[in-house]
Trainee: 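Starting off with a structure, shown below.
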Amino acid sequence: HDTPLERVLPLDMTPRQRKESLALMFVIDTSGSMANYVGPDQKIQLAIEGIRAGVRQLDEEDKAGVIGFTTKIVTDISPTTDHEIIIREVGKLVPTGGTKMYPALKRAYEKLNAVDAKQKHIILLSDGRSDGDFNTLAEQIAADQIYVTTIAIGDAAQGLMQTIAELGRGNYVPVQNVSQLPKILADEVRQTQKYTIQETLQPIIAEVGSAILAG
């Protein structure tokens with residue numbers, strides 16, 4: 001691309017690309033510990049800003065949903081292209097109670113499994129510990145071509161979060177500087193957006209006697 005060779009050829013060396021359809025679920029811990037402050041900011045507010053920053057990275061046709069959880073699921077928004085709903089509704093997340101992550105992750109998996117999209121991705125964020133057969137669930141999610149990225153804040157069960165990401169074929173992101181959450185979430189969304197070549201190129205020599213091929 002952008003070489004003398006490209007300039008003498010009757011074609012563009014950079015194939016056109018299109019982005020594969022994407023469906024994304026944010027699974028966010030809204031337990032009481034998310035009310036803790038980091039400097040001037042609550043962890044839950046940083047997580048909310050992170051989700052909003054991530055949603056703003058999406059293209060219009062991309063779908064996004066949110067599961068907020070404590071000991072039960074408290075927010076349940078199915079994947080939608082109406083991104084303004086996500087941006088508005090996550091502002092209602094209120095930290096309270098304990099942490100029970102397994103039902104929330106399972107719900108996100110079930111919702112994505114029902115969506116028609118080439119790329120399916122779960123971004124799981126927690127600062128707590130939780131019980132459940134996560135290994136089996138993560139393997140099942142991966143078998144259905146859904147990727148799981150985990151973001152572990154502070155004293156979260158880091159080993160568990162890392163295992164879920166490895167079995168779910170996603171990224172594991174341990175976070176010590178919680179103020180970086182908005183940027184981290186936006187970056188993870190950006191990494192989910194994959195592009196594919198629209199067309200294959202099969203070059204042929206159309207004019208064997210051309211001067212450019214002499215010698």
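A quick note: this is a predicted structure, and the numbers were derived from the prediction, not measured. Nothing fancy with the numbering, it's 1 onward along the sequence.
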Trainee: Please find the pair of heavy atoms, one from N171 and one from E188, that lie closest to each other, and give the distance.
Mentor: ND2-OE1, 3.0 Å

Trainee: Considering only heavy atoms from C-beta outward, does the side chain of V38 approach that of D41 to under 4.5 Å?
Mentor: no

Trainee: In terms of relative ring orientation, are F134 and Y102 parallel, tilted or perpendicular, with 30° and 60° separating the classes?
Mentor: perpendicular

Trainee: I'd like to know if V27 and I77 are part of one continuous hydrophobic network [Ile/Leu/Val/Met/Phe/Trp/Tyr, side-chain heavy atoms within less than 4.5 Å].
Mentor: no

Trainee: Taking C-beta and beyond as the side chain, do N135 and T163 meet within less than 4.5 Å on heavy atoms?
Mentor: yes

Trainee: Could you state whether I123 and I44 fall into the same hydrophobic cluster, counting links through intermediate Ile, Leu, Val, Met, Phe, Trp or Tyr residues with side-chain heavy atoms under 4.5 angstrom apart?
Mentor: yes

Trainee: How close do P182 and A53 get, counting heavy atoms only, and between which atoms?
Mentor: O-CB, 4.0 Å

Trainee: Can a salt bridge be assigned to the pair K111 and D76 using a cut-off of 4.0 Å between side-chain N and carboxylate O?
Mentor: yes

Trainee: Does the side chain of T149 come within less than 4.5 Å of I122's, by heavy atoms?
Mentor: no

Trainee: Any side-chain to backbone donor/acceptor pair from K120 onto V115? Under 3.5 Å, distance only.
Mentor: yes

Trainee: Mark yes or no for whether T75, through its side chain, and G68, through its backbone, hold a donor-acceptor pair below 3.5 Å.
Mentor: no

Trainee: Where do A35 and Q42 come nearest, in terms of heavy atoms and distance?
Mentor: O-NE2, 3.0 Å

Trainee: Which heavy atom in N177 sits nearest to a heavy atom in V175, and how many Å separate them?
Mentor: O-CG1, 3.5 Å

Trainee: Any side-chain to backbone donor/acceptor pair from T99 onto R129? Under 3.5 Å, distance only.
Mentor: no

Trainee: Within a 6.0 Å radius of atom CG on N113, are there more than 12 heavy atoms belonging to other residues, nucleotides or ligands?
Mentor: yes

Trainee: Under 4.5 Å between side-chain heavy atoms, hopping through other hydrophobics if needed: is there a path connecting I141 to L167?
Mentor: no

Trainee: Applying side chain to side chain contact (heavy atoms under 4.5 Å, CB included), can you list everything that pairs with K92, at least two apart in sequence or on another chain?
Mentor: E89

Trainee: Say whether F69 and L125 are linked into one hydrophobic cluster, either directly or through other cluster members, by side-chain heavy-atom distances under 4.5 angstrom.
Mentor: no

Trainee: Strictly below 4.0 Å, N to O, side chains only: are E110 and K106 in salt-bridge contact?
Mentor: yes

Trainee: Same cluster or not: are L22 and Y147 linked, directly or through other Ile, Leu, Val, Met, Phe, Trp or Tyr residues, by side-chain heavy atoms under 4.5 angstrom apart?
Mentor: no

Trainee: Shortest non-hydrogen contact from Q193 to D62?
Mentor: NE2-OD2, 3.5 Å

Trainee: With sequence neighbours left out, what residues match D144 under side-chain hydrogen bond (donor to acceptor under 3.5 Å, both in side chains)?
Mentor: Y109

Trainee: Has T192 got a side-chain atom pairing as donor or acceptor with V189's backbone, closer than 3.5 angstrom?
Mentor: yes

